[in-house]
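Index from 1, following the sequence.
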Amino acid sequence: MPKFAVIVFPGTNCDFETVEAIRKAGGKAERVWYQESIKDYDGVVLPGGFSYADYLRAGAIAARQRIMEEVREFAEEGRPVLGICNGFQVLTESGILPGALRPNKIPRFICRWVHLKVVDTNTAFTQFYEPGEVIRMPIAHAEGNYYIDDPSRVRVVFQYSDEKGEITEEANPNGSVLNIAGVSNDRGNVLGMMPHPERASDRFLGSEDGLKVFKSMVEWVKR
(Lines give C-alpha, C1' and ligand atoms only; values in the text may rest on other atoms or scores of the structure.)
Protein backbone atom coordinates (compact mmCIF):
# COMPACT_ATOMS: atom_id res chain seq x y z
CA MET A 1 0.00 0.00 0.00
CA PRO A 2 1.45 3.42 -0.97
CA LYS A 3 2.69 5.45 1.99
CA PHE A 4 2.61 9.23 2.09
CA ALA A 5 4.29 11.77 4.33
CA VAL A 6 2.18 14.72 5.46
CA ILE A 7 4.75 17.31 6.46
CA VAL A 8 4.07 19.35 9.58
CA PHE A 9 5.71 22.75 10.09
CA PRO A 10 5.13 25.03 13.09
CA GLY A 11 1.72 26.51 12.28
CA THR A 12 0.40 23.70 10.05
CA ASN A 13 -3.25 23.02 10.90
CA CYS A 14 -4.72 20.74 8.21
CA ASP A 15 -2.49 17.72 8.75
CA PHE A 16 -4.96 15.40 10.51
CA GLU A 17 -7.67 15.98 7.90
CA THR A 18 -5.17 15.31 5.12
CA VAL A 19 -4.00 12.06 6.70
CA GLU A 20 -7.61 10.91 7.02
CA ALA A 21 -8.38 11.79 3.38
CA ILE A 22 -5.39 9.78 2.15
CA ARG A 23 -6.42 6.80 4.24
CA LYS A 24 -9.98 7.04 2.92
CA ALA A 25 -8.53 7.07 -0.61
CA GLY A 26 -6.75 3.76 0.01
CA GLY A 27 -3.27 4.86 1.01
CA LYS A 28 -1.23 5.01 4.19
CA ALA A 29 -0.33 8.38 5.63
CA GLU A 30 1.73 9.66 8.53
CA ARG A 31 2.35 13.11 9.95
CA VAL A 32 6.06 13.87 9.65
CA TRP A 33 7.69 16.69 11.61
CA TYR A 34 9.67 18.97 9.30
CA GLN A 35 12.97 18.10 11.00
CA GLU A 36 12.58 14.41 10.14
CA SER A 37 13.29 12.59 6.87
CA ILE A 38 10.78 11.57 4.21
CA LYS A 39 13.08 9.34 2.16
CA ASP A 40 11.14 6.14 2.96
CA TYR A 41 7.81 7.43 1.63
CA ASP A 42 6.23 7.08 -1.80
CA GLY A 43 4.83 10.59 -1.94
CA VAL A 44 4.50 13.76 0.07
CA VAL A 45 1.79 16.27 0.91
CA LEU A 46 2.37 19.80 2.17
CA PRO A 47 -0.94 20.62 3.87
CA GLY A 48 -2.60 23.92 4.65
CA GLY A 49 -2.26 26.18 7.64
CA PHE A 50 -0.03 29.10 8.52
CA SER A 51 3.55 27.81 8.65
CA TYR A 52 5.64 30.10 10.84
CA ALA A 53 2.55 32.33 11.15
CA ASP A 54 3.07 33.47 7.52
CA TYR A 55 5.92 35.64 8.78
CA LEU A 56 7.68 37.58 5.98
CA ARG A 57 5.43 35.99 3.33
CA ALA A 58 3.15 32.99 3.35
CA GLY A 59 5.34 29.88 3.00
CA ALA A 60 8.61 31.83 2.83
CA ILE A 61 10.28 30.39 5.93
CA ALA A 62 9.00 26.83 5.48
CA ALA A 63 10.35 26.87 1.91
CA ARG A 64 13.86 27.34 3.27
CA GLN A 65 13.89 24.38 5.64
CA ARG A 66 16.14 21.40 4.95
CA ILE A 67 13.23 19.01 4.35
CA MET A 68 12.35 20.95 1.20
CA GLU A 69 15.55 19.64 -0.38
CA GLU A 70 14.08 16.14 -0.05
CA VAL A 71 10.75 17.37 -1.41
CA ARG A 72 12.59 18.76 -4.44
CA GLU A 73 14.25 15.37 -4.94
CA PHE A 74 10.83 13.69 -4.79
CA ALA A 75 9.61 16.02 -7.52
CA GLU A 76 12.64 15.40 -9.71
CA GLU A 77 12.30 11.63 -9.29
CA GLY A 78 8.69 11.73 -10.47
CA ARG A 79 7.11 10.89 -7.13
CA PRO A 80 3.86 12.74 -6.31
CA VAL A 81 4.12 16.02 -4.41
CA LEU A 82 0.91 17.80 -3.44
CA GLY A 83 0.81 21.28 -1.91
CA ILE A 84 -2.54 22.48 -0.55
CA CYS A 85 -3.12 26.16 0.25
CA ASN A 86 -0.11 27.00 2.46
CA GLY A 87 1.60 23.99 0.88
CA PHE A 88 1.07 25.58 -2.55
CA GLN A 89 2.65 28.78 -1.21
CA VAL A 90 5.63 26.76 0.05
CA LEU A 91 6.08 25.09 -3.36
CA THR A 92 6.17 28.44 -5.18
CA GLU A 93 8.43 30.05 -2.57
CA SER A 94 10.88 27.14 -2.97
CA GLY A 95 10.79 27.36 -6.76
CA ILE A 96 9.46 23.82 -7.18
CA LEU A 97 6.44 25.32 -8.94
CA PRO A 98 6.52 28.55 -10.98
CA GLY A 99 4.68 31.73 -10.08
CA ALA A 100 3.80 33.35 -6.77
CA LEU A 101 0.84 33.66 -4.41
CA ARG A 102 0.09 37.30 -3.66
CA PRO A 103 -2.39 38.89 -1.23
CA ASN A 104 -5.98 38.59 -2.37
CA LYS A 105 -7.22 41.31 -4.69
CA ILE A 106 -9.46 42.50 -1.89
CA PRO A 107 -6.94 42.29 0.98
CA ARG A 108 -8.77 40.15 3.48
CA PHE A 109 -9.03 36.52 4.52
CA ILE A 110 -11.54 34.55 2.44
CA CYS A 111 -13.22 31.38 3.73
CA ARG A 112 -16.02 29.97 1.59
CA TRP A 113 -16.98 27.29 -0.91
CA VAL A 114 -16.10 27.75 -4.58
CA HIS A 115 -16.64 25.93 -7.86
CA LEU A 116 -13.68 24.70 -9.87
CA LYS A 117 -13.36 23.56 -13.47
CA VAL A 118 -11.01 20.63 -14.05
CA VAL A 119 -8.75 21.70 -16.90
CA ASP A 120 -6.12 18.94 -16.98
CA THR A 121 -6.92 15.30 -16.20
CA ASN A 122 -3.49 13.93 -17.14
CA THR A 123 -1.74 14.56 -13.84
CA ALA A 124 -1.02 12.36 -10.84
CA PHE A 125 -3.91 14.02 -9.02
CA THR A 126 -6.72 14.34 -11.56
CA GLN A 127 -7.00 11.06 -13.46
CA PHE A 128 -10.38 10.24 -11.85
CA TYR A 129 -11.97 13.50 -13.00
CA GLU A 130 -13.57 14.15 -16.37
CA PRO A 131 -12.22 16.95 -18.61
CA GLY A 132 -14.22 20.08 -17.91
CA GLU A 133 -15.87 18.58 -14.83
CA VAL A 134 -17.13 21.18 -12.33
CA ILE A 135 -16.38 20.37 -8.70
CA ARG A 136 -16.92 22.08 -5.37
CA MET A 137 -14.37 22.70 -2.61
CA PRO A 138 -13.75 25.27 0.12
CA ILE A 139 -11.01 27.91 0.15
CA ALA A 140 -9.49 29.59 3.22
CA HIS A 141 -6.69 32.03 2.50
CA ALA A 142 -5.47 35.62 2.54
CA GLU A 143 -2.72 35.14 -0.05
CA GLY A 144 -4.24 33.03 -2.79
CA ASN A 145 -3.88 35.43 -5.72
CA TYR A 146 -1.80 33.34 -8.14
CA TYR A 147 0.43 35.35 -10.46
CA ILE A 148 2.87 34.47 -13.19
CA ASP A 149 4.19 36.92 -15.76
CA ASP A 150 3.78 34.46 -18.66
CA PRO A 151 0.80 32.12 -18.13
CA SER A 152 1.94 29.97 -21.06
CA ARG A 153 4.80 28.77 -18.83
CA VAL A 154 2.47 27.03 -16.40
CA ARG A 155 0.33 23.89 -16.63
CA VAL A 156 -3.12 24.90 -15.40
CA VAL A 157 -5.02 22.12 -13.62
CA PHE A 158 -7.94 23.88 -11.91
CA GLN A 159 -9.67 27.20 -12.57
CA TYR A 160 -12.24 29.04 -10.50
CA SER A 161 -15.58 28.94 -12.31
CA ASP A 162 -19.27 29.33 -11.76
CA GLU A 163 -21.44 26.25 -11.18
CA LYS A 164 -21.85 25.80 -14.94
CA GLY A 165 -18.09 25.80 -15.56
CA GLU A 166 -17.91 29.31 -17.01
CA ILE A 167 -14.64 31.09 -16.26
CA THR A 168 -15.82 34.52 -15.19
CA GLU A 169 -14.43 37.44 -13.23
CA GLU A 170 -17.27 37.07 -10.75
CA ALA A 171 -16.20 33.48 -10.03
CA ASN A 172 -12.63 34.54 -9.22
CA PRO A 173 -12.42 34.93 -5.43
CA ASN A 174 -8.91 36.35 -5.12
CA GLY A 175 -7.79 37.94 -8.40
CA SER A 176 -5.68 35.03 -9.66
CA VAL A 177 -4.49 35.41 -13.25
CA LEU A 178 -6.74 33.42 -15.61
CA ASN A 179 -8.82 32.34 -12.58
CA ILE A 180 -6.07 29.82 -11.76
CA ALA A 181 -6.78 27.71 -8.66
CA GLY A 182 -4.17 24.98 -9.18
CA VAL A 183 -1.09 24.35 -11.31
CA SER A 184 1.22 21.42 -12.03
CA ASN A 185 4.79 20.98 -13.15
CA ASP A 186 5.46 19.78 -16.70
CA ARG A 187 5.58 16.10 -15.69
CA GLY A 188 2.29 16.25 -13.83
CA ASN A 189 3.63 14.78 -10.59
CA VAL A 190 3.66 18.04 -8.61
CA LEU A 191 0.43 19.92 -7.93
CA GLY A 192 -0.18 23.12 -6.01
CA MET A 193 -3.76 24.19 -5.32
CA MET A 194 -5.37 26.80 -3.09
CA PRO A 195 -8.73 25.01 -2.50
CA HIS A 196 -8.80 22.32 0.19
CA PRO A 197 -9.62 18.83 -1.19
CA GLU A 198 -9.22 17.27 2.25
CA ARG A 199 -12.14 19.40 3.46
CA ALA A 200 -14.27 18.08 0.59
CA SER A 201 -13.59 14.36 1.00
CA ASP A 202 -16.70 13.26 2.85
CA ARG A 203 -20.37 13.83 2.12
CA PHE A 204 -20.90 14.90 5.74
CA LEU A 205 -18.56 17.82 5.04
CA GLY A 206 -20.72 18.95 2.13
CA SER A 207 -18.79 17.44 -0.79
CA GLU A 208 -16.73 14.41 -1.77
CA ASP A 209 -15.28 16.09 -4.86
CA GLY A 210 -11.85 16.44 -3.29
CA LEU A 211 -11.42 12.75 -2.56
CA LYS A 212 -10.55 12.06 -6.20
CA VAL A 213 -7.37 14.12 -5.79
CA PHE A 214 -6.13 11.64 -3.19
CA LYS A 215 -7.46 8.56 -4.99
CA SER A 216 -5.61 9.65 -8.12
CA MET A 217 -2.41 10.19 -6.13
CA VAL A 218 -2.63 6.75 -4.55
CA GLU A 219 -3.33 5.07 -7.89
CA TRP A 220 -0.40 6.94 -9.51
CA VAL A 221 2.00 5.37 -7.01
CA LYS A 222 0.52 1.89 -7.47
CA ARG A 223 1.11 2.09 -11.20
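Evaluation of the side-chain hydrogen bond (donor to acceptor under 3.5 Å, both in side chains) rule for Glu77 yields Arg79 as partners, not counting sequence neighbours.
Legend: salt bridge (charged side-chain N to carboxylate O under 4.0 Å, His left out) pairs involving residues 38-60, not counting sequence neighbours, sorted by first then second residue: Arg57-Glu93. The ring pair (Phe, Tyr, Trp, His ring centres under 6.0 Å) analysis of residues 94-143, with sequence neighbours excluded, yields no pairs.
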Does the pair Glu208 and Lys215 meet the rule for a salt bridge (charged side-chain N to carboxylate O under 4.0 Å, His left out), with working shown?
-> CA-CA 11 Å; Glu208 292 183 292; Lys215 285 184 175 179; over 6 Å; no

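Between the side chains of Asn86 and Ser51, at least one donor N or O lies within less than 3.5 Å of an accepting N or O. Side-chain contact annotation: Asn179 with Asn172, donor-acceptor N/O pair under 3.5 Å present. Neither side chain, Gln127 nor Thr121, offers a donor N or O lying under 3.5 Å from an acceptor on the other.
Summarising the geometry of Ile67 relative to Glu36, their closest heavy-atom pair is CD1-O, 3.6 Å, with the distance given to 0.1 Å.
Here Asp120 pairs with Arg155 in a salt bridge; the nearest charged N to carboxylate O distance falls below 4.0 Å. We find that Glu133 and Lys212 are joined by a salt bridge, their nearest charged nitrogen and carboxylate oxygen being less than 4.0 Å apart. With respect to the salt-bridge test (charged N to carboxylate O, under 4.0 angstrom), the residues Glu76 and Arg72 do not qualify.
Using bins of under 30°, 30° to 60° and over 60° for the plane-to-plane angle, the ring pair Phe88/Tyr146 lands in the parallel bin.
Residue-environment remark: CZ (Arg203) stays at or below the threshold of 12 foreign heavy atoms within 6.0 Å. Other residues, nucleotides and ligands place more than 12 heavy atoms under 6.0 Å from the CG atom of Asp149. In Arg112, the CZ atom is crowded: over 12 heavy atoms of neighbouring residues, nucleotides or ligands sit closer than 6.0 Å.
Under the side-chain hydrogen bond (donor to acceptor under 3.5 Å, both in side chains) test applied with Tyr41, the options Lys28, Lys3, Glu30 reduce to a single match, Glu30.
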